[in-house]
Every structure is written in structure tokens, then in C-alpha cells.
There are 2 protein chains.
Amino acid sequence: MENKRTDCEAINIDIVEKVRPKMPEMNLLYELSDFFKVMGDGTRIQLLWALEESEMCVGDLAVLLNMTKSAVSHQLKVLRVAKLVRAEKKGKNVYYSLNDHHVKLILEKALEHVCE
Amino acid sequence: MENKRTDCEAINIDIVEKVRPKMPEMNLLYELSDFFKVMGDGTRIQLLWALEESEMCVGDLAVLLNMTKSAVSHQLKVLRVAKLVRAEKKGKNVYYSLNDHHVKLILEKALEHVCE
DNA sequence: TTGACAATTGAACAGTTGTTCAATTATAAT
DNA sequence: ATTATAATTGAACAACTGTTCAATTGTCAA
């Protein structure tokens with residue numbers, strides 16, 4: 001079932017077996033780390049931060065972050081796939097806005113952490 | 001001062017200039033994204049999750065996660081440098097424990113997010 | 001329809017990341 | 001002292017990531 005990779009025996013089997021049932025399922029685990037992976041990039045944090053203030057189009061975000069439209073668009077796609085932002089076409093422009101109320105809360109908690 | 005890299009003009013200068021002063025400092029920005037980068041790995045999430053239940057030594061963590069001691073030790077170092085865990089030597093073993101009460105809160109918020 | 005602009009896309013590139021492997025340090029037991 | 005065990009370390013490797021560049025799509029104005 002589970003292919004072995006560990007190279008040692010347990011030292012406190014009781015602790016290991018007490019903790020084991022509390023561990024998250026693989027599925028949940030990947031979702032969690034994928035979420036943090038998306039947040040773990042300076043450009044994407046800036047984009048989320050900006051969109052928390054106002055919905056904005058790609059060109060304006062590029063000017064604000066001093067990056068190319070292409071680079072911004074690539075990162076917005078990552079945020080879109082992660083369902084953290086949503087896009088709305090208005091004429092020639094595409095306006096992005098936050099799509100998830102949890103993001104603000106998590107950013108605030110993380111801010112408390114790094115600021116202490 | 002700021003070297004230009006953007007390839008376009010602002011479309012809504014008013015919005016850009018309204019949002020600009022709300023943007024975080026570079027310094028804070030990097031701390032934030034570095035923090036999320038540390039959380040953005042399945043192995044490290046598992047380690048934090050386990051240590052939330054009980055302090056554990058490297059060998060037991062290796063058995064629990066079914067990984068080599070070396071791989072676990074490398075990741076514990078990342079968590080140690082990020083000050084999320086602390087190490088205490090007891091005889092032949094090194095016991096790790098959580099070092100930051102914010103981590104649990106952030107994990108819980110993130111969990112709410114991915115579970116909705 | 002033509003030209004200009006906004007945004008997206010895919011390939012390519014360098015830089016980074018996580019695990020493995022082998023060697024090493026440090027402690028405890030004989 | 002010697003041996004065994006726990007943990008750390010650094011180099012090497014493949015896999016992944018973010019930006020750039022060039023080409024493309026789609027929309028508006030003339």
C-alpha cells in the first residue's frame with residue numbers, strides 16, 4: 001500500500017502512533033500547500049494587495065508594479081486558476097478583482113506574524 | 001531611483017495613484033512572500049501539523065512522514081531558519097516543537113479557505 | 001477594412017527548490 | 001577506545017518557477 005522510503009526505526013512509537021491519525025489526508029495536504037505556494041510570490045502578493053484596494057485592469061497593474069503587461073498577465077492567470085481573483089472584460093480592458101474573502105484575513109494574520 | 005520596466009501607459013491614472021500609497025514597502029513584501037514560501041511545501045506543512053500535536057524528534061518525524069532522516073532534517077532547517085520551529089537536544093535525539101502561535105491560526109484560516 | 005491598443009499565450013531561459021547520496025559530527029553504551 | 005545510533009551537512013541532480021520575448025487574439029476608432 002504505502003511504499004517504504006524511510007531509513008530508520010521509530011524511537012517513540014507511542015508518539016508516532018498518537019500523532020498519525022491526526023495527520024491530514026494527502027488530498028487536503030496538497031490543496032493547503034498549493035494555496036500557500038500561490039501566495040508565496042512577491043508579485044502575486046502585490047497584485048492581491050492592490051486588488052484589495054480597487055479593481056484594476058492589467059495595464060494599470062503593470063504600471064503600478066512597474067512590470068510588463070505580459071508578466072502581470074501570467075501571474076494573474078495563476079491567481080485566476082487558484083480562484084483568488086476574477087476577470088471581467090469591459091471594452092478593450094480586462095478588470096480584475098478579488099474573488100475570495102479569506103485572502104484578506106490570511107494576509108492580515110500573516111502580517112501580524114512577520115511584524116512581531 | 002526606480003528603474004523602469006513597464007511597457008505601457010496607465011489607463012486610469014487616478015486609480016493607480018490612489019492605490020500606490022497603500023502598497024506595502026518592499027521590505028515587508030519580501031517578508032510576507034518568504035513566509036508563504038516556507039508554508040508552500042507539502043513536507044513542511046506536514047511537519048508543522050505533526051508538531052502541533054506533539055514535540056517530536058527527527059527520526060520519529062521521518063517514520064511518520066515516511067521519508068529519510070536527511071530529507072526531514074533539511075526541511076526542519078528551513079522551518080528553523082524561518083523561526084517557525086525550535087530544536088532542543090535531549091541525549092542522542094533532537095526534539096523539535098512549534099515556535100510560533102500564529103502558525104496554527106494561519107493554518108486554520110487557510111484550511112477554511114481550501115475546504116469551502 | 002485598416003490601424004492602434006489591451007491582453008493573452010507559448011517557448012525559452014536562468015534561477016531556485018526538494019530529495020538523494022555519501023560523508024561527517026556528536027552522543028551514548030559496551 | 002570502540003561501536004552504534006541520531007542528526008546534520010554539502011554536493012549533485014532533476015523538477016519547477018518567473019520573466020522575457022515574439023507572436024497572436026480580440027476590441028475599438030477612424
Side-chain angles (χ1 to χ4, degrees), chain A residues 3-13 15-16 29-30 33-34 36-47 55-82 85-97, chain B residues 3-13 15-16 29-30 33-34 36-47 55-82 85-97:
Chain A
N3 62 324
K4 298 214 169 182
R5 236 161 311 193
T6 192
D7 59 345
C8 55
E9 302 290 316
I11 290 154
N12 308 101
I13 304 180
I15 294 181
V16 174
L29 188 71
Y30 286 129
S33 59
D34 281 351
F36 285 120
K37 238 171 257 179
V38 172
M39 305 284 283
D41 175 76
T43 299
R44 291 192 291 267
I45 293 276
Q46 286 186 86
L47 289 171
E55 75 167 16
M56 292 178 76
C57 66
V58 179
D60 287 346
L61 286 165
V63 171
L64 180 66
L65 304 202
N66 200 33
M67 295 177 65
T68 61
K69 263 181 301 195
S70 175
V72 168
S73 183
H74 275 298
Q75 297 303 345
L76 284 170
K77 184 174 191 175
V78 175
L79 294 172
R80 219 179 333 120
V81 169
V85 304
R86 77 167 161 270
E88 192 189 349
K89 190 144 200 169
K90 289 182 185 173
K92 256 194 292 191
N93 305 313
V94 176
Y95 283 84
Y96 280 83
S97 54
Chain B
N3 62 325
K4 299 215 169 182
R5 237 161 311 191
T6 192
D7 59 345
C8 55
E9 302 289 318
I11 290 154
N12 307 101
I13 304 180
I15 294 182
V16 175
L29 187 72
Y30 286 129
S33 58
D34 280 352
F36 285 119
K37 239 172 258 182
V38 172
M39 306 284 283
D41 175 76
T43 298
R44 292 193 291 268
I45 293 273
Q46 285 185 87
L47 290 171
E55 76 167 18
M56 292 178 77
C57 66
V58 180
D60 286 346
L61 286 166
V63 171
L64 180 65
L65 303 203
N66 200 31
M67 295 176 66
T68 62
K69 262 182 299 198
S70 176
V72 168
S73 182
H74 276 296
Q75 296 303 345
L76 283 170
K77 184 174 192 177
V78 175
L79 293 172
R80 221 183 326 122
V81 169
V85 305
R86 75 169 162 271
E88 191 189 348
K89 190 144 201 172
K90 289 181 184 173
K92 256 195 292 189
N93 305 314
V94 177
Y95 283 83
Y96 280 83
S97 54

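Note that the coordinates shown come from a computational prediction; the quantities given were computed from them, not determined experimentally. By convention in this document, chain letters (A, B, ...) are assigned in the order of the sequence lines, proteins followed by strands, and residues within each chain are numbered from 1.
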Practice prompt. Starting at OH of Tyr95(A), measure out to CG of Asn12(B) and round the result to the nearest 0.5 Å.
Written response: 4.0 Å

Fill in: Length of the CG-C1' vector between Asp60(A) and dA6(C), whole Å
11 Å

Worksheet item: What's the CZ-P distance between Arg5(A) and dC21(C), to the nearest Å?
Response: 11 Å

Run the side-chain donor-acceptor check on residues 39-47 of chain B: report pairs under 3.5 Å with partners two or more places apart or on a different chain.
| unit_1 | atom_1 | unit_2 | atom_2 | d |
| --- | --- | --- | --- | --- |
| Asp41(B) | OD2 | Thr43(B) | N | 3.1 |
| Asp41(B) | OD2 | Arg44(B) | N | 3.1 |
| Arg44(B) | NE | Val38(B) | O | 2.7 |
| Arg44(B) | NH1 | Gln75(B) | OE1 | 2.7 |
| Arg44(B) | NH2 | Lys37(B) | O | 3.2 |

Worksheet item: Rounded to the Å, how far apart are Asp7(B) CG and dT8(C) C1'?
Response: 13 Å

Worksheet item: Looking only at heavy atoms, what is the nearest atom pair of Ala62(A) and Cys8(B), with distance?
Response: CB-SG, 4.0 Å

Item to complete: Give a yes or no answer on whether the side chain of Asp60(A) reaches the backbone of Ile11(B) with a donor-acceptor pair at less than 3.5 Å.
Response: yes

Worksheet item: OP1 or OP2 of dA7(C) less than 4.0 angstrom from a side-chain nitrogen or oxygen of Asn93(A), does that happen here?
Response: yes

Worksheet item: With sugar-phosphate meaning primed atoms plus P, OP1 and OP2, does Cys57(A) contact a base, only sugar-phosphate, or nothing at under 4.0 Å between heavy atoms?
Response: sugar-phosphate

Practice prompt. Just jot down the side chain to side chain contact (heavy atoms under 4.5 Å, CB included) partners of Lys77(B), sequence neighbours excluded, or say none.
Written response: Arg80(B), Val81(B)

Fill in: For atom CG of Asp34(A) and atom P of dC16(D), their distance in whole Å
12 Å

Practice prompt. Have a look at Tyr96(A) and say if it touches a base, only the backbone sugar-phosphate, or nothing, with a 4.0 Å heavy-atom cut-off.
Written response: sugar-phosphate

Practice prompt. Check each residue of residues 67-80 of chain A for a non-hydrogen atom within less than 4.0 Å of any atom in DNA chain D, then write out the ones that pass by number, or none.
Written response: Met67(A), Thr68(A), Ser70(A), Ala71(A), His74(A), Gln75(A)

Worksheet item: Which is it for Leu76(B) and Leu61(B) under the side-chain contact (heavy atoms from CB on, under 4.5 Å) test, yes or no, and what are the steps along the way?
Response: CA-CA 10 Å; Leu76(B) 283 170; Leu61(B) 286 166; 4.0 Å; yes

Fill in: Nearest heavy-atom neighbours spanning Val16(A) and Ala10(A)
CG2-CB, 4.2 Å

Worksheet item: With sequence neighbours excluded, what pairs up with Ala71(A) under the side chain to side chain contact (heavy atoms under 4.5 Å, CB included) test?
Response: Met67(A), Thr68(A)

Worksheet item: Sequence neighbours excluded, which residues qualify as side chain to side chain contact (heavy atoms under 4.5 Å, CB included) partners of Arg86(B)?
Response: Ser97(B), Asn99(B)

Discussion item. On the nucleotide dG18(C), are OP1 or OP2 found under 4.0 Å from the side-chain N or O atoms that Arg44(B) carries?
Written reply: yes

Provide a list of protein-nucleic acid N or O atom pairs under 3.5 angstrom, restricted to nucleotides 25-30 of chain C.
none

Using a cutoff of under 3.5 Å, can you pull out all pairs of nitrogen or oxygen atoms linking the protein to nucleotides 1-3 of chain D, with atom names and distances?
none

Worksheet item: dT8(D) C1' sits how many Å from Glu88(B) CD, rounded?
Response: 18 Å

Worksheet item: Rounded to the Å, how far apart are Lys37(A) NZ and dT17(C) C1'?
Response: 10 Å

Worksheet entry | Value in whole Å for how far the C1' atom of dA7(C) lies from CD of Glu9(B) | 16 Å

Worksheet item: To the nearest angstrom, how far is Arg86(B) atom CZ from dA7(D) atom P?
Response: 17 Å

Practice prompt. Please tell me which of Gly59(B) and Asp41(A) maps to the more 5' nucleotide of DNA chain D, matching each residue to the nucleotide holding its nearest heavy atom.
Written response: Gly59(B)

Fill in: side-chain hydrogen bond (donor to acceptor under 3.5 Å, both in side chains) involving Asn93(A) - partner list, sequence neighbours excluded
none

